[in-house]
Amino acid sequence: MKHRNLLMIPGPVEVDPEVLAALGMPPVSHVGADFIEVFGSALEQLRQVFLSTDGQPFILAGSGTLAMDSAAANLIQPGDAALVVNTGYFSDRFAAILQRYGAQVTQVGAPPGDRPSLEQVEAALQGAAFKCMTVTQVDTSTGVLADVQGLAGLARRYDVLLIVDGVCSVGGEALNMSEWGVDVALTASQKAIGCPPGLALLVASPRAVAAFRARQLPVQSYYADWNNWLPIMQSYEARKPAYFATPAVNLVAALNVSLKQILQEGMAARVARHAALSRACKAGIAALGLKQLPASSEIAAHTMTAPFYPAGVSGAEFLAQAAQAGVLLAGGLHPALRTQYFRIGHIGAVTRADILATLAAVESALAAGGYPFDPGVSLSAAQRVGRGQ
Ligand SMILES: *Cc1c(COP(=O)(O)O)cnc(C)c1O
């Protein structure tokens, strides 16, 4: 039988055939007219996907971690104070990156599955003159959604740069960079952007670019230095050739197609689709009697679902059985609870049928593990949500 596993993890994700076709083209010159148009168009569309009117987009060969690294390397000088709003594994990573570039990092956190309140963040902001604050919009280790709009309000009030790790959210959750006042938002190609992995994507507000230009010390990463990349991005957008380091031409071509598809769907419609699919998935999981990691549905992400295993079901065996049933799911990631839960990614080109297939595979894997339930109960719960009942 044809290989037909469904990839339902929080990245990499299923990729539309038109995007894959662009990836499979013969490589072209990075300074040829065709590629200049593709790169220029991808930069313009990236700004639109982030809902930024005046931000500076960057498309770099690398993963989401490079986008995080690039934000920290270019905005932090040794001794700068940075506040990390911590909701899990990827917030820990941002703290480590900021520290690597010499930042004095303060963290405001919450138990796994919860998020610090705006009041707690505000209290922390009152404690020192922070240069920047980072937040993980969807922490992929917990499935917790941050209140980015609320945090942006605080950032503006306390005059700190807000850096949003949107790797598991941009293109799936609402993010309105300009209207909310976000300074840096970043993601990677393989999550809600719907491409294969390999590109780090970042948009910097004029305020962030000004803070970068005001630095007195050189950027401590040669490859990530915006002094090297700004002229390149500006040239391509002006449809002129430029070279600093060879762009990933095939991936940029795939990205350009994917961004076009995202904008054709429309940002509001795309966010609404992710929310509807998330509701269906979470209703199915709840109908099976499985608890979920986020402390409440109000703070649960719409790009992923993080259910706990029921007592007596082994995680490794469960994931193997789900794969056997044709759906690839991810294990736990948060160090405190890694073996107690699993993760379903529903991001990008996901359909209702994918959610139903996923719930069917979850049921098969639970049944194989001896967990008692009424067969089909998750599917009917998901179907009812879909019909608005
Ligand atoms: C996946 C992810 C990252 C890391 O991205 P890589 O492409 O694996 O480097 C960072 N933050 C969040 C929220 C993620 O989901």
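Atoms within a ligand are numbered from 1 in the order they appear, just like the ligands themselves.
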Using 30° and 60° as the class limits, which term best fits the ring planes of F342 and F318: parallel, tilted or perpendicular? tilted
Under-4.0 Å heavy-atom contact with ligand 1, by part of T65 that carries it: both
Please list, in number order, the atoms of ligand 1 under 4.0 Å from a heavy atom of M68. 10 (C)
In the protein, what heavy atom is nearest to atom 11 (N) of ligand 1, and what distance, to one decimal place, separates them? D165 OD2, 2.7 Å
To the nearest 0.1 Å, how far is atom 5 (O) of ligand 1 from its closest protein heavy atom, and which atom is that? G64 CA, 3.6 Å
Please determine, by modelled atom types, if D165 and T134 share a side-chain donor-acceptor pair under 3.5 angstrom. no
So, regarding R93 and ligand 1 (criterion: nitrogen or oxygen to nitrogen or oxygen, under 3.5 Å), is there a contact or not? no
Check ligand 1 against K191 and write out every atom of the ligand that is under 4.0 Å from a heavy-atom position of the residue. 1 (C), 2 (C), 3 (C), 14 (C), 15 (O)
Looking at Q45 and L43, would you say the former's side chain and the latter's main chain have a donor-acceptor pair under 3.5 Å? no
Closer than 4.0 angstrom: is that true for some heavy atom of Q137 and an atom of ligand 1? no
Picking from T358, T351, T305, what satisfies side chain to side chain donor-acceptor pair (under 3.5 Å) with H346? T305
protein heavy-atom neighbour closest to atom 8 (O) of ligand 1 works out as Q190 NE2, 4.0 Å
For the ring pair W229 and F58, is the centre-to-centre distance below 6.0 Å? no
Is the backbone N or O of S258 less than 3.5 Å from a side-chain atom of D16, with the two atoms forming a donor-acceptor pair by type? no
Assess whether atom CG of D34 is packed by more than 12 heavy atoms of other residues, nucleotides or ligands within 6.0 Å. no
Give the atom numbers and elements of ligand 1 that come within less than 4.0 Å of a heavy atom of V138. 13 (C)
Under 4.0 Å from a heavy atom of T140: give me the atoms of ligand 1 that qualify, with their elements. 12 (C), 13 (C), 14 (C), 15 (O)
Taking NZ, NE, NH1 and NH2 as the nitrogens, is one of them in R115 or E298 under 4.0 Å from a carboxylate oxygen of the other? no
Atoms of ligand 1 less than 4.0 Å from T136 heavy atoms? 13 (C)
Give a yes or no on whether R100 atom CZ has more than 12 heavy-atom contacts from other residues, nucleotides or ligands under 6.0 Å away. no
Give the atom numbers and elements of ligand 1 that come within less than 4.0 Å of a heavy atom of S63. 6 (P), 7 (O), 9 (O)
Which protein non-hydrogen atom lies closest to atom 10 (C) of ligand 1, naming both residue and atom, and how far is it? F90 CD2, 3.2 Å
